[in-house]
Amino acid sequence: MAALGLGDCERATRLFGAGQAAYDRIGGSPSAVDLARYDDALAAVRRELGDERLEQALREGRAFSVEQAVAYALEPTRAGAPTETIAPS
């Protein structure tokens, strides 16, 4: 959720998609607390991106391999990305 906190909604959404895919691969699911935070964050991103861009970024993230997701998560934030915090509702 750090990318969301930095205002990079598309990056955050791709990472959300990668996380969903990882849970699917291992047959797991987030805790109730984590799921509630995820739902709040996803709602905030949906307001910023709209449905179409959100779904596209989720698909892109789901397509990452584990290695790609880790590398993407560790990349520095892109230059010029807004730095204001987008608070989940």
Heavy-atom closest pair (Ala21 atom, Arg62 atom, distance to 0.1 Å) is CB-O, 3.7 Å
Nearest heavy-atom contact between Ala18 and Phe64 is CB-CD1, 4.1 Å
- Message: If we count only N and O atoms by modelled type, under 3.5 Å, do the side chains of Gln56 and Glu52 hold a donor and an acceptor together?
- Response: no
Salt bridge (Lys or Arg N to Asp or Glu O under 4.0 Å) filter on Arg59, not counting sequence neighbours, yields none
Nearest heavy-atom approach of Leu54 to Thr13 is O-CG2, 3.5 Å
- Message: Do Leu58 and Val70 sit in one hydrophobic cluster, given that two such residues count as connected whenever their side-chain heavy atoms are within less than 4.5 Å of each other, even indirectly?
- Response: no
Taking every heavy atom of Glu10 against every heavy atom of Leu49, the minimum-distance pair comes out as CG-CD2, 3.7 Å
Checklist entry - Is there a chain of hydrophobic side chains (I, L, V, M, F, W, Y, each step under 4.5 Å between heavy atoms) that links Tyr38 to Tyr23? => result no
Residues at least two apart in sequence or cross-chain that pass side chain to side chain donor-acceptor pair (under 3.5 Å) with Tyr72, listed by chain then number, are Arg14
Rounded to the nearest 0.5 Å, the CD atom of Glu60 sits from the CG atom of Leu15 at a distance of 11.5 Å
request  = Could you walk me through whether Asp34 and Arg37 pass the salt bridge (Lys or Arg N to Asp or Glu O under 4.0 Å) test, one step at a time?
outcome  = CA-CA 5 Å; Asp34 287 340; Arg37 288 180 185 150; 3.7 Å; yes
Nearest heavy-atom approach of Arg11 to Ala73 is NH2-O, 3.4 Å
Practice task
List the steps, then state whether side chain to side chain contact (heavy atoms under 4.5 Å, CB included) holds for Val66 with Arg25.
Solution key: CA-CA 10 Å; Val66 172; Arg25 280 188 209 97; 3.8 Å; yes
